2 protein chains.
Amino acid sequence: MPTSIKDIAKLLNVSVSTVSYAINGGPRTVSPEVKEKVLDAARELGYRPNRVAKSMVTGRSRTIGVVPPEIVEDVLLSPYLQLALNGIFNAAGSSHHDLILFTRLAGSGHEEVLSTILDGRVDGAVFIAPNSTNRAVLLAKELRIPCISLAGSEIDGVHTLSVANETGMRLAMKHLFDLGHRRIAHIAGRLDMQDAIERLRSYSDFMTENRLAYHDSWVLKGQFHPDGGYAAMKSLLALPNPPTAVVCANDDMAIGALRACQEMGVNVPSQMSICGFDQTSASELTIPPLTTVFQPIAEMGRYAVQSVLDLIDGKPVPRHVTFEPTLVVRSSTTVPMKES
Amino acid sequence: MPTSIKDIAKLLNVSVSTVSYAINGGPRTVSPEVKEKVLDAARELGYRPNRVAKSMVTGRSRTIGVVPPEIVEDVLLSPYLQLALNGIFNAAGSSHHDLILFTRLAGSGHEEVLSTILDGRVDGAVFIAPNSTNRAVLLAKELRIPCISLAGSEIDGVHTLSVANETGMRLAMKHLFDLGHRRIAHIAGRLDMQDAIERLRSYSDFMTENRLAYHDSWVLKGQFHPDGGYAAMKSLLALPNPPTAVVCANDDMAIGALRACQEMGVNVPSQMSICGFDQTSASELTIPPLTTVFQPIAEMGRYAVQSVLDLIDGKPVPRHVTFEPTLVVRSSTTVPMKES
DNA sequence: AGTTGGAGTCGAAACGTTTCGACGCGCTTA
DNA sequence: TAAGCGCGTCGAAACGTTTCGACTCCAACT
């Protein structure tokens, strides 16, 4: 039973409203003497305002929800998510909001999904890379909860922040093409996610536009996981006439691919150029450091929070913002070997 | 204005209590017909229980707070914290609790620190590696908020989970000693953190016990950051008779040290053995992969959540639990070179 | 037949705030 | 001097729940 505003009121023989005014510099003024008495008493009694009660009456919690792409074991181990979360965390901190991390959407029906989000504990929500089957974001929208989809599929009516995947992919492809590569493979991500789809499409487009022949066997699915990248590279190397370069849809897969090359005695970059995507912190620790596409994920997280806040305040927020990636050239790509 | 229990009551001409009983299978029984009517109406109207209101009357929020060691920009980029957070996230998910991540302890007075934690939004809290100057955890304890200190300084009266730093350090030192190293340096962490202090002490103890001479110049402060490790290694290599091996108090610093060696053309491990601490995911991506001390951080996170939950339920929880680390031998350590 | 008791329901209190309407007081202004 | 106004204060309503006491039936006892 912590001290409440009532205790102070009783002790000082004033009304609760007066105490409230004094503490908040409230909507009404309080005489200096009373104010001082109240503040002293509050300190004395160790008074802490109860945020839950405050939330109930104001309808605001100064807390925003963060919903990971899927709620499964170890999802926080994803470097991409970590980067986004860090950006969100920074922004929330500087705007004096706390974060609720939702942990239990999995295995629950839609009903429960909604209850978790819309139970009044958050003023708004950031959905990180929701895939198109993620109904929660749709329902949140339908119920007019201020929310932002960060790097997810474009869903109509939902405010979305995305990265220009096409630019990023073209940057990587052009880099390899300019180096002289013609046989370029692609290790794709999870094709139920928008990013993966767009990166794959840009790859195909680039190959077609430049009249580069490519086979189905050059497009592999790596599920965004290192092991997927590893397996994909293994099967690429087993091909009779393997490609000389590969662009991966994220860094984790590129790291897996790198490991596969090392194991098979294939030198990177001289025998195989590898390009990643995302510029996660691990991408510069590999040997050789990965050439990769930098996405301003952390900045997007920051922007997402600001947008949610604006949405809450009823300010206008652009329906869709696209961030431009840039290419970070490091040592995992070089000119292809002469032979062939 | 979302639908409330009252709307249902009004619509059906029953009392709010009846609706509550029907929805919760509440403490009183409801006739089957009424129950069905209520449930139908709730679905119809899209009723979502308001958790804030529920919290207020029950005093429980099914949410637990997570407090990072310090609240500064980019704190979520720390691999150690990520690992711990992931463990906490997993555990919270399976016990149907959400997480509040506190983002604004920094720069606020003690008063605000407390308000943030004790404002009724959380049932308990996990403090990740609080250092001894972190007053928040003390105050939380004083106010009887169920809380666990995860891998932090031991503070009396606070339930603490720690890792046997001594065991870990000895494992690393003995490994190097057995390989034949006698000139072993230590790059220490932030000496305001318990872990760093203990690791440093164990290093000294080991050196003394084995009658190994060591100089002050072999003990460097790396602040737990890669750049600190880098700088430390640089100054080690500048020594007239540098050590043949170095144990770092975390992986990040070991990675920095590795980079310094690479830059200076010092081969790791043949000319310099490097040992890390924590087994973060980056530690196996370096070339060579780091020999490091594995701490079950993720498991500790899980355990921490369970303990907080037990504390909340009034179950007995051991005041102090120690987890044992193990050594992961990879390729950054080997026998020292013959010369000298 | 009268008593007990459980099932089903209602009304109201409680949780800790914020904020509105009302009121009294003293000061200015006509 | 009366009207008007702003300041400081109080009491009460409101937010959306849960749950307790009380009440009414009706069935099952003695």
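Bear in mind the structure is a predicted one, so any value in this text is a computation, not a measurement. In what follows, chains are A, B, ... by sequence order, proteins preceding strands, each numbered from 1.
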Spacing of [X] atom [atom1] relative to [N] atom [atom2], expressed in whole Å:
X     : N      : atom1 : atom2 : result
B:R60 : C:dC15 : CZ    : C1'   : 15 Å
B:K35 : C:dT9  : NZ    : P     : 11 Å
B:K37 : C:dG8  : NZ    : P     : 14 Å
A:E33 : D:dC7  : CD    : P     : 15 Å
A:K10 : D:dG11 : NZ    : P     : 13 Å

Legend entry - Upstream residue (5' side of DNA chain C) when B:V34 and B:M56 are each assigned their closest nucleotide: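 Residue closer to the 5' terminus by nearest nucleotide: B:V34.
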Does [Y] offer a backbone N or O that forms a donor-acceptor pair with the side chain of [X] under 3.5 Å?
X      : Y      : result
A:S78  : A:L76  : no
A:S307 : A:Y303 : yes
A:R28  : A:Y21  : no

Legend entry - Salt bridge present between A:E36 and A:R43 (N-O < 4.0 angstrom):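 Salt bridge: no.
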Legend entry - Salt-bridge contact B:D74-A:R302 (side-chain N to carboxylate O under 4.0 Å):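 So B:D74 does not pair with A:R302 through a salt bridge.
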Legend entry - Sugar-phosphate only, base, or nothing, as touched by B:N13 at under 4.0 Å among non-hydrogen atoms: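 Touches sugar-phosphate only.
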Inset, instruction - Check every strand shown and say whether B:S31 touches a base, only sugar-phosphate, or nothing at a heavy-atom separation below 4.0 Å. - result: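 If one applies the 4.0 Å heavy-atom cut-off, B:S31 turns out to touch the sugar-phosphate alone, with no base involved.
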Inset, instruction - Would you mind reading off the bend of the helix from C:dA1-D:dT30 to C:dA30-D:dT1 from its two end axes, five pairs each, to 10 degrees? - result: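 One end axis against the other gives 50°.
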Inset, instruction - Please test A:D123 against A:S61 for side chain to side chain donor-acceptor pair (under 3.5 Å), starting from the C-alpha separation and ending with a verdict. - result: CA-CA 6 Å; A:D123 295 339; A:S61 60; 3.1 Å; yes
Inset, instruction - Report yes if some heavy atom in the side chain of B:R51 is under 4.5 Å from a heavy atom in the side chain of B:T63; otherwise report no. - result: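 Result yes, sub-4.5 Å side-chain heavy-atom pair found.
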Inset, instruction - Kindly give the heavy-atom pair with the smallest separation between A:L99 and A:F89, and that separation in Å. - result: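 Result for this residue pair: CD2-CA, 3.8 Å.
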Inset, instruction - Show the numbers, then the answer: is there a side chain to side chain contact (heavy atoms under 4.5 Å, CB included) between A:I100 and A:R121? - result: CA-CA 8 Å; A:I100 281 200; A:R121 284 137 86 216; 4.0 Å; yes
Find every protein N or O atom lying less than 3.5 Å from an N or O atom of nucleotides 17-21 of chain D, and list the pairs.
{"unit_1": "D:dT17", "atom_1": "OP1", "unit_2": "B:Y47", "atom_2": "OH", "d": "3.0"}
{"unit_1": "D:dT17", "atom_1": "OP1", "unit_2": "B:N50", "atom_2": "N", "d": "3.2"}
{"unit_1": "D:dT17", "atom_1": "OP2", "unit_2": "B:I5", "atom_2": "N", "d": "2.9"}
{"unit_1": "D:dT17", "atom_1": "O5'", "unit_2": "B:Y47", "atom_2": "OH", "d": "3.3"}
{"unit_1": "D:dT18", "atom_1": "OP1", "unit_2": "B:N24", "atom_2": "ND2", "d": "3.1"}
{"unit_1": "D:dT18", "atom_1": "OP2", "unit_2": "B:S20", "atom_2": "OG", "d": "2.8"}
{"unit_1": "D:dT18", "atom_1": "OP2", "unit_2": "B:N24", "atom_2": "ND2", "d": "3.1"}
{"unit_1": "D:dC20", "atom_1": "N4", "unit_2": "B:Y21", "atom_2": "OH", "d": "2.3"}
{"unit_1": "D:dG21", "atom_1": "N7", "unit_2": "B:R28", "atom_2": "NH2", "d": "2.9"}
{"unit_1": "D:dG21", "atom_1": "O6", "unit_2": "B:R28", "atom_2": "NH2", "d": "2.1"}

